[in-house]
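Read through the structure below, which is laid out as structure tokens, and then see the notes.
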Amino acid sequence: MSATLERTSGERILQTSPLRRLLTRPELGSVVGAIAVLVFFSLAADGFLRASSLSTVLYASSAIGIMAVPVALLMIGGEFDLSAGVLVTSSALVSSMFSYQMTADVWVGVGVSLLVTLAIGALNGYVLTRTGLPSFIVTLGTFLMLTGANLGLTKLIDGTVSTKTIADMEGFPAAHAVFASTLTVGGVGFKVTILWWLGLVALATWILLRTRTGNWIFAVGGNKDAARAVGVPVTRTKIGLYMGVALGAWISGQHLLFSFDAVQSGEGVGNELIYIIAAVIGGCLITGGYGSAIGSAVGALLFGMTSKGIVFAEWNPDWFKFFLGAMLLLATLLNAWVRKRAEATK
């Protein structure tokens, strides 16, 4: 009789464990929200499900998603980066102005921009780990310095608030193809940023779930002191995460530059909040140690569907921020409820 009860109990655990695993997935709430938003705008906006409309939605999502992925990893590691938005513009400005002033192949500017952007990310991580200051303070300082430098240096070098066009420079067509081209599939154009976005999601997911570095990221976000005690390289991990955000900023910055061949120095301010919102909607906790790259992608997709769905439905776009805030609150509440249900089934 006892053996039968034990076997029945074991079978019950096996039967419920898949559900428990599903409920503990950080992106569950955002997936449910994405399905709801998709159904809603499919009914409210004519043509929302057309291939051309979905292409527009995916492009808007990728523009946010490229940055939301490394920002999500940074948040899982327990930190923030308030300079991420203006760093995108800084990356584009360095690439443009170096190429123009040096009259060099634009790929030289692209390479210099990569080095400068990664150095800024590494500096953020280094200052954070060496001083012990909150990431809010460190990256807020970087945000203000980059905002001033973007405007001041552009005016000093080019005499205006925007860079000179580099469309006629050597290497521009190839760089445009890599960072800003449009791929035609079935007669519908899809921006190459969608491929960059999906590639980053796949890479970040592999790092989080299949590598020792992923374990380190979760560990330092959960409890950095305990992680350090068991041999996790906390300093190196945090610096690497900030450099990951810088890499995303570089990709986004080159897309910005090669889409328009010139850059406005004041762009990017405020975008850092959108990246954080996408990560939080995707299941990342403010306290760190929990989240996923896939969740950040779904959060970015929710942003894209909402921003473009309002346009397709011919509503007043002033309501967009209202819907974005509502999604943030609902996603956070749903994530909290899902986690409580998961704990209750243990």
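For residues 185-210, every residue pair satisfying the ring-ring contact (aromatic ring centres under 6.0 Å, His included) rule, not counting sequence neighbours, is listed here: F179-W196.
When side chains are defined from C-beta on, T147 does not count as touching L144, because their heavy atoms never get closer than 4.5 Å. Between V94 and T117 the shortest side-chain heavy-atom distance does not fall below 4.5 Å. Side-chain contact between I239 and R236 is absent, with no heavy atoms from C-beta onward closer than 4.5 Å. Between D81 and Y242, some side-chain heavy-atom pair lies under the 4.5 Å cut-off. Taking 4.5 Å as the limit, some side-chain heavy atom of C284 sits within range of a side-chain heavy atom of I76. Annotation: side chain of V57 is in contact with side chain of F48 (closest heavy-atom distance under 4.5 Å). For the pair I276 and V71, the minimum side-chain heavy-atom distance is below 4.5 Å. Residues I120 and L146 have side chains in contact (heavy-atom distance under 4.5 Å, counting atoms from C-beta outward).
Side-chain heavy atoms closer than 4.5 Å link hydrophobic residues (I, L, V, M, F, W, Y) into clusters, and following such links, even through other members, never connects L123 to V234. Side-chain heavy atoms closer than 4.5 Å link hydrophobic residues (I, L, V, M, F, W, Y) into clusters, and following such links, even through other members, never connects L115 to V110.
Looking only at atom types and distance, the side chain of T165 has a donor-acceptor partner in the side chain of D261 under 3.5 Å away. Side-chain contact check for T89 and N150: no donor-acceptor pair (N or O, by modelled atom type) lies under 3.5 Å. A donor and an acceptor atom, one from each side chain of T235 and T129, are nowhere located under 3.5 Å apart.
Applying side-chain contact (heavy atoms from CB on, under 4.5 Å) to R228 and the options D225, V232, V230 leaves one that passes, D225. Just one of S259, S96, S113 meets the side-chain hydrogen bond (donor to acceptor under 3.5 Å, both in side chains) condition when paired with Q254; it is S113.
Y100 pairs by the ring-ring contact (aromatic ring centres under 6.0 Å, His included) definition with nothing, not counting sequence neighbours. Under the rule for a side-chain contact (heavy atoms from CB on, under 4.5 Å), the partners of S252 that lie at least two apart in sequence or sit in another chain are I66, M67, V88. Take A226 and apply the side-chain contact (heavy atoms from CB on, under 4.5 Å) test, not counting sequence neighbours, and it matches N223. By the ring-ring contact (aromatic ring centres under 6.0 Å, His included) test, W216 pairs with no residue at all, sequence neighbours left out. By the side-chain contact (heavy atoms from CB on, under 4.5 Å) test, F98 pairs with M102, V108, V112, sequence neighbours left out.
Here the shortest heavy-atom pairing between G268 and E272 reads O-OE1, 3.6 Å. Heavy atoms only, all atoms of each residue included: L200 and V69 are closest at O-CG1, 3.8 Å. When all heavy atoms are compared, the tightest approach of Y290 to G283 is CD2-O, 3.4 Å. Across all their heavy atoms, A293 and L73 have their closest contact at CB-CD1, 4.3 Å. Taking each heavy atom of G171 and D105 in turn, the nearest pair found is CA-OD1, 3.7 Å. The two atoms that bring L241 and G77 nearest to each other are CD1-CA, 3.9 Å, heavy atoms only.
A 6.0 Å sphere centred on CD of Q101 holds more than 12 heavy atoms belonging to other residues, nucleotides or ligands.
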Walk me through it: do V245 and Y275 pass the test side-chain contact (heavy atoms from CB on, under 4.5 Å)? CA-CA 11 Å; V245 174; Y275 307 147; over 6 Å; no

With side-chain contact (heavy atoms from CB on, under 4.5 Å) as the test, would you mind laying out the steps for T237 and T213 before giving the verdict? CA-CA 8 Å; T237 300; T213 302; 5.6 Å; no

Quick one, L82 with T142, criterion side-chain contact (heavy atoms from CB on, under 4.5 Å). Give me CA distance, side-chain angles, the key distance, then yes/no. CA-CA 8 Å; L82 297 180; T142 307; over 6 Å; no

